[in-house]
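The structure that follows is given in the form of structure tokens.
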Amino acid sequence: MNHPRLLFKNVTLGNITLGNRVGVAPMARTSATSEGMATNQMVSYYTSFARGGFGLIITEAIYTDDKYSQGYFNNPGLINEEQTQAWKKVVESVHQEGAKIFAQIMHAGALSQGNRFVQETIGPSAIQPKGKQMELYEGKGLYRTPREATREEITEVINGFVNTARHAKTAGFDGVEIHGANGYLLDQFLTDYTNKRTDEYGGSTENRIRLLAEVSKAVREAVGKHFTIGIRISQGKVNDYNHKWAGKEKDAEIIFGQLGNAGLDFIHVTEYAAWQPAFQKDEATLATNSALDNGGLSLAALAKKYGKVFVIANGHLEDPGKAGEIVERGEADMITLGKGALANHDWVNKVKNDDPLAKFDEEKVLRPDARIKDFEV
Ligand SMILES: Cc1cc2nc3c(=O)[nH]c(=O)nc-3n(C[C@H](O)[C@H](O)[C@H](O)COP(=O)(O)O)c2cc1C
């Protein structure tokens with residue numbers, strides 16, 4: 001077989017060098033303790049991807065404060081010393097197998113459906129989210145209508161990302177990914193119909209991207225120059241798969257342009273497909289082409305064109321030929337796999353050895369919920 005060679009070549013991302021250009025996409029598995037501590041089961045789970053040859057692992061979304069950020073019960077956090085020590089075990093074990101690991105840090109905002117700290121939710125505006133809570137994470141029924149975040153609370157949100165990034169550095173992570181995608185708080189600020197604010201965080205695209213750029217800059221300032229940081233961006237959302245930016249390529253120019261100037265080392269793009277296989281009732285999928293309604297450039301290509309930083313592409317790239325192509329074409333610098341990695345924790349080793357790849361079995365892996373099942377507790 002013709003191996004996708006560039007995919008298996010090492011690459012520099014920010015301050016680190018990855019052994020290859022294939023990463024594990026962030027995937028919430030709601031397997032932490034109720035106090036948000038990473039467990040031994042999570043150590044085994046994450047280490048298995050490193051052993052299977054992935055150059056980079058991005059963790060599941062981790063909450064950033066003890067207020068409104070937690071999205072699901074049994075989500076891990078990274079906001080105190082105990083949680084930092086728990087993650088350290090994951091990081092050290094992954095490093096022993098030769099892979100790098102980033103922490104994905106997230107504020108769930110209006111999409112929070114399980115938070116042990118507070119009952120209510122906050123968002124840019126008091127608008128009830130579309131769709132239903134995700135059963136995958138033990139949610140039921142409609143989302144709650146959030147309270148409009150005050151200016152003070154916006155500052156607290158930024159501080160939460162900053163503190164969590166600092167803890168990630170202390171835990172030994174190789175970098176952090178700020179979750180700006182999929183309909184969670186930062187994406188709620190970016191999205192026209194969830195953000196009806198009349199201050200400088202609402203209105204124009206320039207205003208709606210402001211908080212994402214401010215969080216990025218604040219995190220950069222806190223962690224210093226020598227720590228790798230990036231952001232994840234999508235148009236679609238877990239509760240609105242087919243959303244597209246109204247301003248099309250002009251919006252992409254503003255969004256990626258602002259983020260490209262915010263001190264980030266990378267932008268990780270994911271795009272939901274217009275069609276939904278059964279599984280997609282619950283989660284993300286991505287079409288790497290036709291990002292815009294009019295069938296324009298892929299989101300990865302747009303991020304490269306306007307962001308001018310390292311771009312990671314994600315979504316339906318488990319076919320090695322497809323994964324190789326997007327990197328060979330220069331649309332992205334590397335790719336990540338979600339479901340393809342869940343089906344093949346050793347995707348990289350298998351492809352290198354010409355071994356057959358397993359198909360993703362949704363029933364087995366994600367039913368009745370997203371908890372990790374293939375490793376002992
Ligand atoms: C079980 C599961 C949990 C996920 N949790 C997250 C998450 O915590 N953060 C995130 O940015 N995306 C999350 N996603 C989306 C994936 O990162 C990815 O974008 C999506 O699965 C599409 O990529 P794929 O076609 O390679 O699976 C999740 C996906 C799955 C399947």
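This is a predicted model, so every value here is computed, not measured. For reference, positions follow the sequence shown, starting with 1. Counting convention: from 1, in listed order, for ligands and their atoms alike.
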Self-check item: Any N/O pair R29/ligand 1 closer than 3.5 Å
Solution: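 No, no N or O pair falls under 3.5 Å.
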Self-check item: Heavy atom of G315, distance to ligand 1 below 4.0 Å
Solution: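 True for this residue.
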Practice problem: Please say whether P26 places an N or O atom under 3.5 Å from an N or O atom belonging to ligand 1. | Solution: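 By distance alone, the answer is yes.
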Self-check item: Test: K322 and E325 ion pair at under 4.0 Å
Solution: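 Looking at E325 together with K322, the answer is no, because their closest N to O distance does not fall below 4.0 Å.
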Quiz prompt | For N182, atoms of ligand 1 separated by under 4.0 Å from a heavy atom | solution =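 Once the distances to N182 are compared, the set is 10 (C), 11 (O), 12 (N).
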Exercise. Assess whether atom NZ of K132 is packed by more than 12 heavy atoms of other residues, nucleotides or ligands within 6.0 Å.
Key: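 Counting neighbours around NZ of K132, 12 or fewer heavy atoms of other residues, nucleotides or ligands fall under 6.0 Å, so no.
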Quiz item: Who gets closest to atom 1 (C) of ligand 1 by heavy atom: I58, L366, N75, I233?
Solution: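 When every heavy atom of I58, L366, N75, I233 is considered, L366 comes closest to atom 1 (C) of ligand 1.
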Practice problem: Select one of side chain, backbone, both or neither to describe which atoms of M106 lie under 4.0 Å from any atom of ligand 1, heavy atoms only. | Solution: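 None of M106 does.
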Quiz item: Quick one: which ligand 1 atoms are inside 4.0 Å of a heavy atom on H316?
Solution: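 The atoms of ligand 1 under 4.0 Å from a heavy atom of H316 are 24 (P), 25 (O), 26 (O).
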Quiz item: If we only count heavy atoms from C-beta on, is the H179 to T64 side-chain gap below 4.5 Å?
Solution: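 No, their side chains stay 4.5 Å or more apart.
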Quiz prompt | Per-atom contacts of ligand 1 with L337, taking only distances under 4.0 Å to non-hydrogen atoms | solution =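 Those atoms are 26 (O).
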Quiz item: Under 4.0 Å between a Lys/Arg side-chain N and an Asp/Glu carboxylate O for K67 and E153?
Solution: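 Looking at K67 and E153, the cut-off is not met.
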Quiz prompt | Close-contact set for ligand 1 against A28 heavy atoms, below 4.0 Å | solution =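 Answer for ligand 1: 1 (C), 3 (C), 4 (C), 5 (N), 6 (C), 7 (C), 8 (O).
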Self-check item: Salt-bridge criterion met for D361 and R367 (N-O under 4.0 Å)
Solution: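 Salt bridge absent between D361 and R367.
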Exercise. With heavy atoms only and a cut-off of under 4.0 Å, state how Y137 meets ligand 1: side chain, backbone, both or neither.
Key: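 Just the side chain.
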Quiz item: Out of M27, M134, R232, E362, who gets a non-hydrogen atom closest to atom 10 (C) of ligand 1?
Solution: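 The nearest heavy atom belongs to R232.
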Quiz item: Would a 4.5 Å heavy-atom cut-off, applied to side chains only, mark V348 and D346 as touching?
Solution: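 A side-chain contact is absent here, since even the closest heavy-atom pair is not under 4.5 Å.
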Quiz prompt | Contact check, side chains of N115 and Y63, non-hydrogen atoms, under 4.5 Å | solution =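 Counting from C-beta outward, N115 and Y63 never come under 4.5 Å.
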Quiz item: Are any of the N/O atoms in E318 less than 3.5 Å from those in ligand 1?
Solution: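 Min N/O separation from ligand 1 is not below 3.5 Å for E318.
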Quiz item: Which pairs count as ring pair (Phe, Tyr, Trp, His ring centres under 6.0 Å) when at least one residue sits in residues 84-115, sequence neighbours excluded?
Solution: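 As it turns out, the ring pair (Phe, Tyr, Trp, His ring centres under 6.0 Å) pairs with a partner in residues 84-115, which skip direct neighbours, are W87-F173, F102-F266.
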Quiz item: So, does Y184 sit close enough to ligand 1 that a heavy atom of it is under 4.0 Å from the ligand?
Solution: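 No, that is not the case, since the closest heavy atom of the residue is not under 4.0 Å from the ligand.
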Quiz item: Taking only residues two or more places apart in sequence or in another chain, which ones pass salt bridge (charged side-chain N to carboxylate O under 4.0 Å, His left out) with K308?
Solution: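 If we apply the salt bridge (charged side-chain N to carboxylate O under 4.0 Å, His left out) test to K308, skipping adjacent residues, there are no hits.
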Self-check item: salt_bridge(E200, R151) N-O dist < 4.0 Å
Solution: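 Salt bridge: yes.
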Quiz item: Looking at A25, which atoms of ligand 1 are within less than 4.0 Å of one of its heavy atoms?
Solution: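 Atoms satisfying the 4.0 Å criterion: 17 (O).
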Exercise. Find all atoms of ligand 1 within a distance of less than 4.0 Å from any non-hydrogen atom belonging to Q104, and give their numbers and elements.
Key: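 In order of number, 7 (C), 8 (O), 9 (N), 10 (C), 11 (O).
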Practice problem: Answer whether the closest heavy-atom distance between the side chains of Y143 and M134 falls below 4.5 Å. | Solution: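 They are in contact (side-chain heavy atoms under 4.5 Å apart), so the answer is yes.
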Self-check item: Side chain, backbone, both or neither: T270 near ligand 1, heavy atoms under 4.0 Å
Solution: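 The answer is the side chain.
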Quiz prompt | Ligand-side contact atoms (ligand 1) for residue partner A61, heavy atom cut-off under 4.0 Å | solution =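 Counting from 1, the qualifying ligand atoms are 8 (O).
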Practice problem: Before signing off on this row, confirm whether E60 and ligand 1 have an N or O atom pair separated by under 3.5 Å. | Solution: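 For ligand 1, there is no N or O atom that lies under 3.5 Å from one belonging to E60.
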